[in-house]
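We name chains A, B, ... by the order of the sequence lines, and we start the count at 1 in each one. Reckoned from all heavy atoms, side chains included, excluding hydrogens, waters and symmetry mates.
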Amino acid sequence: MDYVNTLSGLIDLGQADIACPDQRCLLSVMERHGPGLVQMLWRVLGHQADVADAYQETFCRLAVLLHDGKSWHKKGFVYRMAANIAIDMLRRRKHCAGGEEHLDLAAGRETDPAAAADQKDERERLEEAIGDLPDHLRHVLVMREFGELDYEAIASAMRISAGTARQYRHRAVLMLAQRLNGSAKMTDKGR
Amino acid sequence: MGTKTELKNQACRRYREAIERLADQPAARISASLARHVETCAECRELLNGITAVQYTLDQVKWQSMPAGTLALCNRQAMKKLQQRVRESEKGQELAVAKPDLPYWQQATIRIGRGGIGVAAGLAVVMFNWAISGGLNLTNDELQRLGQVHQKHHIGNWNDLNGNLS
């Protein structure tokens, strides 16, 4: 409800005569893709403040592109840009020792602390493995799995065919599986 | 060494392809023959376990709910940032100090208007002062006159020591 009020206010502003076409365009993108983008960023970053930062950075970059007269009106492009920003943030966070606590997968659902810790470990390993994927595979995986975009939209954003996008996602999952297996083995040996 | 030999095995390669297909169809069922194979082949079992773990973790992430109000917070923050960037931009700074490029007659009209407003304000102050002070003087005069009448009619000349009113 809070969201509806805020956004309807913004859209009113966007439709007003005082708003220039660029502003109206940005607001309309915010209205159409905002919920999906925030959802994707949440899944990647798992921290509300980081999600808000990545979201605002996405729109600031879009505003710059719009100002420069570049075309970016396709959904996939906006998602790709947001995914890029989120992944960069993840990397930076990884480098910051003792970073803030983020997405707790088991929060509110898992009652067993050991199971919750295991899930958290798995999530962290997955995050790390995603970070180590080649760029093209990572983008496709994030847009498909976290952004829930169809292959056509991903293909359009990446300037590849839908079939290639499907193959990239397949390869990404296999690489993650190998990575997770490898790190699981290492963990087991460590124990 | 043994694993390498096993991978070369034609049957193992076929099962491996079947396992890899699971990466695209996570909901697909594992056939009985594949289940039997992974029991004996460690390499394929690891691959199957890995894919299942990845799919499971990805699903877990998907089902993680966002805190309420995240979207509204993001929209508000993005709007604030955009406005700030616009203000800080070169163009924004220029606009903040810019004066409209008006034709001479419009500038003259504005100056005359400003002067007119000043004169009108001055006149209003003068009129106000004149009206107030004039009114106060009139009231004062009238009160003095009424006082004299009152004294004349009711108090009289106190010089009469017998107390007779004149």
Side-chain angles (χ1 to χ4, degrees), chain A residues 2-7 10 13 23 26-27 30 34-35 37-39 41-44 46 48-49 51-60 63-64 67 103-109 119 122-123 125-126 129 141 145-146 148 166 169-174 176-182 184-185, chain B residues 3 7 16-28 38 41-92 94-95:
Chain A
D2 190 15
Y3 153 71
V4 173
N5 289 338
T6 312
L7 197 61
L10 297 178
L13 177 72
Q23 289 169 327
L26 267 185
L27 289 170
M30 208 180 266
L37 277 178
V38 170
Q39 186 72 256
L41 292 171
W42 169 252
R43 286 168 177 171
V44 178
Q48 202 181 30
V51 172
D53 286 349
Y55 185 78
Q56 73 176 26
E57 187 55 33
T58 304
F59 278 95
C60 286
V64 171
H67 184 259
L103 183 63
D104 184 358
L105 264 182
R109 282 188 292 123
Q119 282 194 350
E122 259 174 43
R123 157 79 196 199
R125 283 195 292 136
L126 179 78
L141 185 86
E145 295 300 321
F146 300 152
E148 293 183 42
R166 206 180 285 270
R169 189 242 169 225
H170 176 87
R171 274 164 59 187
V173 172
L174 289 182
L176 287 179
Q178 282 163 2
R179 272 295 306 259
L180 290 187
N181 256 340
K185 274 186 203 165
Chain B
T3 314
L7 268 175
R16 206 178 162 85
E17 281 169 12
I19 294 168
E20 285 183 359
R21 274 199 298 275
L22 290 172
D24 297 327
Q25 303 156 331
V38 292
C41 174
E43 190 95 9
C44 291
R45 189 166 56 243
E46 269 175 19
L47 182 64
L48 179 64
N49 287 344
I51 289 172
T52 313
V54 170
Q55 295 290 1
Y56 174 76
T57 315
L58 288 174
D59 283 347
Q60 289 287 308
V61 175
K62 271 187 202 168
W63 289 107
Q64 179 69 28
S65 56
M66 261 191 311
T70 306
L71 196 50
L73 172 83
C74 289
N75 281 326
R76 267 199 310 274
Q77 208 168 305
M79 284 306 293
K80 258 191 204 167
K81 191 76 181 175
L82 282 170
Q83 284 165 353
Q84 190 191 335
R85 290 252 172 124
V86 168
R87 275 197 300 270
E88 285 170 357
S89 68
E90 206 176 311
K91 196 83 182 167
E94 274 175 27
L95 281 172

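Minimum interatomic distance between A:His170 and B:Arg21 (heavy atoms only, all atoms of both residues): CE1-N, 4.3 Å. Closest approach of B:Leu71 and A:Pro35 over heavy atoms only: CD1-CA, 3.8 Å. Closest approach of B:Ala78 and A:Met30 over heavy atoms only: CB-CE, 3.9 Å. When all heavy atoms are compared, the tightest approach of A:Ala52 to B:Cys74 is CA-SG, 3.6 Å. Here the closest heavy-atom approach between residue B:Gly50 and residue A:Ala177 is recorded as C-CB, 3.4 Å. Annotation for A:Gln48 and B:Gly69: closest pair NE2-C, 4.2 Å, computed over non-hydrogen atoms.
Distance CG/B:Asn75 to CD/A:Gln56: 11.5 Å, rounded to 0.5 Å. Of the inter-residue distances, the one linking B:Met79 atom CE with A:Leu26 atom CG reads 8.5 Å to the nearest 0.5 angstrom.
Under the 4.5 Å side-chain criterion, counting only non-hydrogen atoms from C-beta, B:Pro67 is in contact with A:Trp42.
Not one N or O on the side chain of A:Arg43 forms a donor-acceptor pair closer than 3.5 Å with the backbone of B:Gln64.
In this structure, B:Lys62 places its NZ atom where more than 12 heavy-atom neighbours from other residues, nucleotides or ligands lie under 6.0 Å away.
Both the backbone and the side chain of A:Leu176 come within less than 4.5 Å of a heavy atom of chain B.
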